Protein chains: 2
Amino acid sequence: MARSDHRSGSQLPATPTTLADVAERAGVSRQTVSNAVNNPDLLRPDTLERVRQTIAELGYSPNRAARNLRTRTSSLIGLRFTPAQEGTANATMDRFVHSLVEASDEAGYHVLLFPADDEDPVGGYDNLLRSTAVDAFVVTDTYLGNPQATWLSQQRAPFVAFGRPWDDDVARHVWVDVDGAAGTRLATQHLIDRGHTRIAWIGWRKDSPIGEDRRAGWLSTMHANGLPTTGLASRVEDVVHSGAEAAAVLLDESEPTAFVCASDTLAMGVLHTLWIRQLAPGRDIAVVGFDDSQVAQVFPVGLTSVRQPLEDVAVEIVRTLRALLAHQPVEARGVLLEPSLVIRESS
Amino acid sequence: MARSDHRSGSQLPATPTTLADVAERAGVSRQTVSNAVNNPDLLRPDTLERVRQTIAELGYSPNRAARNLRTRTSSLIGLRFTPAQEGTANATMDRFVHSLVEASDEAGYHVLLFPADDEDPVGGYDNLLRSTAVDAFVVTDTYLGNPQATWLSQQRAPFVAFGRPWDDDVARHVWVDVDGAAGTRLATQHLIDRGHTRIAWIGWRKDSPIGEDRRAGWLSTMHANGLPTTGLASRVEDVVHSGAEAAAVLLDESEPTAFVCASDTLAMGVLHTLWIRQLAPGRDIAVVGFDDSQVAQVFPVGLTSVRQPLEDVAVEIVRTLRALLAHQPVEARGVLLEPSLVIRESS
DNA sequence: GCGTTGAGTTGGATCGATCAAGGGGGTGTC
DNA sequence: GACACCCCCTTGATCGATCCAACTCAACGC
């Protein structure tokens, strides 16, 4: 005797419909219903149609837990959520998460968030992994010395990193990243095209490989165009007032007419200094930032900025993840995507 | 014969440890191990200790899928992720998600994200609900006419809304919200305390209950202080240039010395107009925004802004959710939290 | 002495799906 | 006619946890 909770109209039954309910109603076996859902070509067309009809009538949807238990998968992708830092313009996460959720959804996956624990950087991963709660991870902070990627590799846990493994003799994992150097190359060339010759760089401290990568783009473009770089570069903390100070010093000592910055945060610092000195951004001095943050977008003088193709990054990550989980050979160990330049009034 | 994959050191066994493995090794039954995990007080202290030891040795962690299947729960909270709109300063989601992930984690829950489908606003909910993939939802967009809350209520799906049900004769669901009026009251009083008497309001269109709520805070505070409001209010689209235009008109026609805005986006518009007119924010004209976005934080002239206590909102939501899921009577139908004012140079 | 009680532990059944193997029934081949 | 074969479908076992009822054993009361 099957459950008979198909009473009053639109309300959800107390116990949701199961595969067995559908089977009985359609006059077939459980396995046939299962096949209708997962391997439709195994069924005769008329049977398939009948089962599908019944599924629609009963509003059946396979129980996730049961499926997960049997197949030893969860259709979940774990992501450690790290929010945008207060007091900065860095806001990659929000857009990236959105893109990842969309891309995952299309591949039949959902995104599971878990918090960052500073004391135990791999704790969250370990829990989810041991309880087989997720199929794979997406790792975002691949800064030098971050143990996550290495640890996951050791555990043989499937994961894709957003970010290159900078200490490349260790962990050789699969990754997707944005070519920072290409971004600053775009920015610098753009300024050169506008007639600038004294273009300054304000970037992060030397121990940041990402920062050095972005710096390299500026440096190579300047050299390629036979332009000077000495005295035109500065490396500081990624906070607004450091950017402001660096800009002040550079203006005094080297008289640049344009700035390329490693982040929108630093670019805001530059703009601050310009504002104090009554210099008009875009007219007197050009400024380019990095990340195309909301700050760049709504600033009264729109800030020209390098934009990461986070939508593409997400799509690429999900594609790679699927290959990984299907145990297909992954074509490339890493994928490098090109950013674009969003030009606004500040340049 | 139990699995014996406890070979070379730190690598994860091919098949993870199960409850039965632990039971055999500890010389007790499966149920006892289960009790050690879920109902420790049922065991005699010495047995408990022995089982715990074994669990630690084997690195056992209960299989999520199996537990979910049996208990008909998932320890997952569903959240429809809507990213920050480009070209605005609205960035509540990022901080809220972070807070929710943290609060959920402490309660033993994880956050599951799913995408918004414009064509089928309840589709994502329906899928997750019918497949019993999540225990409950957190709903964030409770604007007037949003079908989500009503639909979920009809389905008797457990959920808590971040946001009041504005069309309050329908869906009487459980909610947590921030008192917008109290926020603008803080802002307005702050300006009055600084000696301002002609304080203008720039808000959203009249069909936004949230906007009207915030407007009410400004209005009541002005009245309570016997200050004029006629000709000092404007209702526009929530985009930068609308804010700029509104500010220009108000400055021309009513000569305010301060602006309270319904959002940081509009406040940026005001700042734009001030910049064009060579008026110094904070010195010539005061401006207050709403949301304490990154934009407010890194703007060269720090923007005073109302800050929503999103951490507290998340904690309150999770607390309510737990009560709901435990079928305990929820004390209050709604919880209203007080925002604070972050004072910066613009006021 | 014997039933009662209760704390501590156990084995079997169960959640709802999929896997693996095993039919019926028809067609084709010799 | 017998056999092999394929297509389509069914049955029983299984994933790993928890629920449920029962079972052991010591303490206790009368």
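Just so it is clear, the structure is predicted and the values come from calculations on it, not from any experiment. What's counted below: heavy atoms across the whole structure, side chains too, no hydrogens, waters or symmetry copies. Below, chain A is the first sequence line, B the second, and so on; all start at residue 1.
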Quiz: residues 37-47 of chain B side-chain donor-acceptor pairs under 3.5 angstrom, not counting sequence neighbours:
from	atom 1	to	atom 2	distance (Å)
B:N38	OD1	B:R67	NH2	3.2
B:N38	ND2	B:S34	O	3.2
B:R44	NE	B:D46	OD1	3.1

Please round to 10 degrees the angle between the axis of the first five pairs and the axis of the last five pairs in the helix from C:dG1-D:dC30 to C:dC30-D:dG1.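 Inter-axis angle at the ends, rounded: 60°.
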Among [options], which is the nearest nucleotide to the side chain of [X]?
X	options	value
B:R67	C:dA17, D:dG16, D:dT18	D:dT18
B:A66	C:dT10, D:dT18, D:dG16	D:dG16
B:T18	C:dG11, D:dG16, C:dA17	D:dG16

Show your working on side chain to side chain contact (heavy atoms under 4.5 Å, CB included) between B:W151 and B:L129 and close with a plain yes or no. CA-CA 12 Å; B:W151 186 86; B:L129 198 54; 4.2 Å; yes
Strictly by side chain to side chain donor-acceptor pair (under 3.5 Å), give each pair with a member in residues 51-61 of chain B just once, sequence neighbours left out.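 Non-adjacent pairs meeting side chain to side chain donor-acceptor pair (under 3.5 Å): B:R25-B:E57.
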Quick one: which residue pairs count as a side chain to side chain donor-acceptor pair (under 3.5 Å) with a foot in residues 102-114 of chain B, not counting sequence neighbours?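 Output for this query is empty, none listed.
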B:R30 near the nucleic acid: base, sugar-phosphate alone, or nothing, with a heavy-atom cut-off under 4.0 Å?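 Answer is base: heavy atoms of B:R30 come under 4.0 Å of a base.
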Contact class for B:N68 (heavy atom, under 4.0 Å): base, sugar-phosphate, or nothing?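 If one applies the 4.0 Å heavy-atom cut-off, B:N68 turns out to touch nothing in the nucleic acid.
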Checking [X] now: which residues fulfil salt bridge (Lys or Arg N to Asp or Glu O under 4.0 Å) with it, not counting sequence neighbours?
X	value
B:D312	none
B:R80	B:D141
A:R319	A:E316

Within the pair [X] and [N], is there a side-chain N or O less than 4.0 Å away from OP1 or OP2?
X	N	result
B:N63	D:dC15	no
B:S34	D:dT18	yes
A:R70	D:dA13	no
A:T32	D:dT10	yes

Could you check how far [atom1] of [X] sits from [atom2] of [N], rounded to whole Å?
X	N	atom1	atom2	result
B:L42	C:dG6	CG	C1'	13 Å
A:D21	C:dC15	CG	P	11 Å
A:R130	D:dG16	CZ	P	16 Å
B:L69	D:dC15	CG	P	14 Å
B:N39	D:dT18	CG	C1'	10 Å

Of residues 43-51 of chain B, the positions that come close to DNA chain D - non-hydrogen atoms, cut-off under 4.0 Å: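 Residues of residues 43-51 of chain B under 4.0 Å from DNA chain D: none.
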Those residues that, when tested against B:T92, pass side-chain hydrogen bond (donor to acceptor under 3.5 Å, both in side chains) (two or more places apart):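 In terms of side-chain hydrogen bond (donor to acceptor under 3.5 Å, both in side chains), with neighbours along the sequence ignored, B:T92 is linked to B:D291.
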May I have all residue pairs that pass salt bridge (charged side-chain N to carboxylate O under 4.0 Å, His left out) and include part of residues 29-39 of chain A, sequence neighbours excluded?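 Those involving residues 29-39 of chain A do not exist here.
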Quick one: side chains of residues 93-101 of chain A, donor-acceptor pairs under 3.5 Å with protein atoms, not counting sequence neighbours, listed by atom name and distance.
from	atom 1	to	atom 2	distance (Å)
A:D94	OD2	B:A84	N	3.0
A:R95	NE	A:E311	OE2	3.4
A:R95	NH2	A:Q308	O	2.6
A:S99	OG	A:R95	O	2.9

I'd like a list of close polar pairs between nucleotides 21-25 of chain C and the protein, N/O only, cut-off under 3.5 Å.
none

